Each structure stands twice: as C-alpha cells, then as structure tokens.
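Please read these numbers as outputs of a predicted model, since none were measured by experiment.
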Amino acid sequence: MANPKIKSSAQNAKKSNATAGRKPAFKSPYSKADLEEIFRRFSIQRPEPKGELEHVNPFTLVVAVALSAQATDVGVNKATRALFAVADTPQKMLDLGEERIRDYIKTIGLYRNKAKNVVALSEKLIRDFDGEVPQTREELMTLPGVGRKTANVVLSMAFGQATLAVDTHIFRIANRLLLAPGKTPDEVEQRLMKVIPDQYLYHAHHWFILHGRYVCKARKPECERCVIADLCRSPEKTWDIPSPLVELPPQPIGAAD
C-alpha cells in the first residue's frame with residue numbers, strides 16, 4: 001500500500017499564512033426573521049420615504065447631491081432654490097458661468113471648487129451625453145464631482161433603481177446597530193446589500209437616512225423613540241421597548257438636519 005503523502009513544512013506554512021490573511025466571514029447578530037421585521041416596521045412607519053434635497057429634474061438632482069458633500073440638505077436647498085430657478089439644464093448652467101454660480105452657492109462649504117465641478121459636469125453632459133443625465137453608475141461616476149454615493153442617490157431618486165448610497169447617517173447606523181459593520185462606505189454597502197431583504201431594498205436608503213437623522217442621532221440615539229428598540233443589537237442601546245408603530249406624517253422637504 002502506498003504511503004500517504006506528507007505535506008512539507010513549507011506547504012503547511014503557506015496554508016497557515018493564507019488562512020491568517022483571510023478576513024473571517026461576518027456573522028450577523030440578526031436572524032433572517034429579525035431583518036424582515038426591522039424593515040417591515042420601517043415600511044409601516046414611512047411607506048413612501050423621500051429624499052430631502054430639492055430638485056426639479058435629474059440634472060438638478062445631480063447638482064444638488066454633488067453640492068451636498070460636507071454640507072446639510074437644508075443648507076443646499078437654501079442655496080439651490082434660486083439657482084435652479086434660472087439654471088435647470090446643463091446649457092443654462094454653462095450660460096450662467098462659474099462666477100455667478102459661486103454667488104448662488106457661496107453659503108455652502110467648498111463652494112469655489114463645487115462651482116468648478118458644476119461647470120465641468122455640465123460641459124461633460126453636453127459633450128458626451130447630449131445634455132441628458134446617464135442612467136448607469138459607471139457613466140455617472142465619470143462626471144466631475146460625482147462619486148459612487150452621488151451616483152447611487154441619482155440612480156435611486158431620479159431613475160427608480162434599487163441602490164444604496166452610504167452617507168454618514170447610513171455608515172453610522174450600519175456600524176452602531178452591528179447590522180453591516182465596515183471600515184469603509186464600500187464595505188458597508190456590500191454588507192447591507194446582503195442583509196436587506198430584496199422587497200425592501202428600494203426604500204432602505206431613505207429609511208436609514210431618516211432614522212439616523214431624527215431618531216438614531218449621531219451624538220445620542222433617542223432609543224425611546226425607536227420602532228426597532230427591542231430588535232436592536234447596538235451596545236449603545238438605552239431602551240428595550242419599541243415606540244408605537246404608526247405611520248408618520250410626510251417629512252417636509254428642508255426640515256432641520
């Protein structure tokens with residue numbers, strides 16, 4: 001009978017190193033039933049959640065989301081109301097010019113660089129896309145000032161695609177609740193896409209944002225106002241009784257961030 005093959009020490013070391021370098025698979029503290037119930041409650045509380053950035057068409061949405069980086073929706077809305085009244089297409093924005101765009105958005109952080117990006121993305125839309133906002137993530141991300149998060153917001157809000165844009169609220173909640181912890185927005189996005197039930201994916205982006213903005217706040221979560229307090233696995237949780245599950249009135253656009 002042939003002798004069994006004995007692995008060399010080098011082979012064993014190689015296997016050991018490969019195993020050590022591999023990230024352990026994430027094990028969610030939430031069962032499938034827990035996840036279904038969490039999003040079911042969000043769907044009852046806010047059946048038709050809306051984004052709070054004011055816009056009139058896909059182009060103005062792209063501009064608004066690009067301007068919202070390191071700024072609040074409230075601040076962006078105040079600046080863009082007058083801007084979009086005079087420039088709601090790429091050509092009108094170019095006709096307005098960078099200097100006048102700066103005058104409209106000077107209350108927003110990084111407004112000088114953002115004005116340059118608005119001009120540049122308007123030029124690219126006219127040059128490469130016949131003035132129309134593209135409907136794929138890859139094409140959107142070729143626009144100046146548009147990253148993955150902005151592209152996902154536009155795909156969801158303008159074109160009805162089930163995407164998930166990980167902003168500061170979503171990143172915080174995914175980590176705080178141990179729902180989809182990750183060190184980067186991309187890692188959090190990948191994990192959330194795996195745990196969110198398919199039928200709830202389309203609205204999940206806005207549910208998370210509104211929950212993070214008005215309940216699970218950055219400085220101190222208001223757990224006594226949370227509809228998933230009993231299901232939440234956050235070590236920061238201070239309350240175990242869920243608030244009454246009732247439909248909330250529509251959130252007014254421009255409410256405080």
(request) Only counting residues at least two apart or in another chain, list the ones meeting side-chain contact (heavy atoms from CB on, under 4.5 Å) with T107. (result) A79
Listed pairs under 3.5 Å, donor-acceptor, residues 153-164 side chains, sequence neighbours left out:
from, atom 1, to, atom 2, distance (Å)
Q161, NE2, Q135, O, 3.1
T163, OG1, N152, O, 2.7

(message) With heavy-atom distances below 4.5 Å as the criterion, would you say the side chains of F59 and L121 are in contact?
(response) yes
(message) According to a hydrophobic-cluster definition based on side-chain heavy atoms being under 4.5 Å apart (Ile, Leu, Val, Met, Phe, Trp, Tyr only), do V195 and I38 belong together?
(response) yes
(request) Check whether any side-chain heavy atom of L179 sits under 4.5 Å from a side-chain heavy atom of F208, and report yes or no. (result) yes
(message) Less than 4.5 Å apart, side chain to side chain, heavy atoms only: is that true for R225 and W239?
(response) no
(request) For the residue pair M93 and L83, establish whether any side-chain heavy-atom pair is separated by less than 4.5 Å. (result) yes
(request) May I ask you to test the L67-V118 pair for a side-chain heavy-atom distance under 4.5 Å? (result) yes
(request) Consider only side-chain heavy atoms of I, L, V, M, F, W and Y, link residues closer than 4.5 Å, and tell whether I101 and L110 are in one cluster. (result) no
(message) Under the rule for side-chain contact (heavy atoms from CB on, under 4.5 Å), what residues qualify as partners of V188, not counting sequence neighbours?
(response) V166, F171, A174, N175, L192
(request) Kindly write out the residues that satisfy side-chain contact (heavy atoms from CB on, under 4.5 Å) with R41, not counting sequence neighbours, or none if the list is empty. (result) E37, V227, I228, D230, L231, P242, L245
(request) Output all residues satisfying salt bridge (charged side-chain N to carboxylate O under 4.0 Å, His left out) with D34, sequence neighbours left out; order by chain, then residue number. (result) R233
(request) Check salt bridge (charged side-chain N to carboxylate O under 4.0 Å, His left out) between R100 and all other residues, then give those that pass, not counting sequence neighbours. (result) none
(request) Return the set of residues passing salt bridge (charged side-chain N to carboxylate O under 4.0 Å, His left out) with R137 (not counting sequence neighbours), or none when no residue passes. (result) none
(request) Indicate yes or no: at least one non-hydrogen side-chain atom of K149 is less than 4.5 angstrom from one of P185. (result) no
(request) Could you list all the side-chain hydrogen bond (donor to acceptor under 3.5 Å, both in side chains) pairs where at least one residue sits in residues 108-122, not counting sequence neighbours? (result) none
(request) Tell me whether L125 is reachable from F84 by hopping between hydrophobic residues (I, L, V, M, F, W, Y) whose side-chain heavy atoms are closer than 4.5 Å. (result) yes
(message) So H211 and C226, do their side chains get closer than 4.5 Å, heavy atoms only?
(response) yes
(request) Return each pair, listed once, that meets side-chain hydrogen bond (donor to acceptor under 3.5 Å, both in side chains) where at least one residue sits in residues 84-95; pairs must be two or more places apart or across chains. (result) D88-K92, Q91-D95
(request) Could you list the residues that satisfy salt bridge (charged side-chain N to carboxylate O under 4.0 Å, His left out) with K237, not counting sequence neighbours? (result) D240
(request) Answer whether the closest heavy-atom distance between the side chains of F129 and T142 falls below 4.5 Å. (result) yes
(request) Give me the ring orientation class for F42 and F39: parallel if the planes are under 30° apart, tilted from 30 to 60°, perpendicular past 60°. (result) perpendicular
(message) Who clusters with V246? Use side-chain heavy atoms, under 4.5 angstrom, across I, L, V, M, F, W and Y, and order the result by chain and number.
(response) none
(message) Hydrophobic clustering (ILVMFWY, side-chain heavy atoms < 4.5 Å, transitive) - are Y200 and V215 grouped together?
(response) no
(message) Tell me every residue that passes side-chain contact (heavy atoms from CB on, under 4.5 Å) with E138, counting only those two or more places apart in sequence or in another chain.
(response) T136
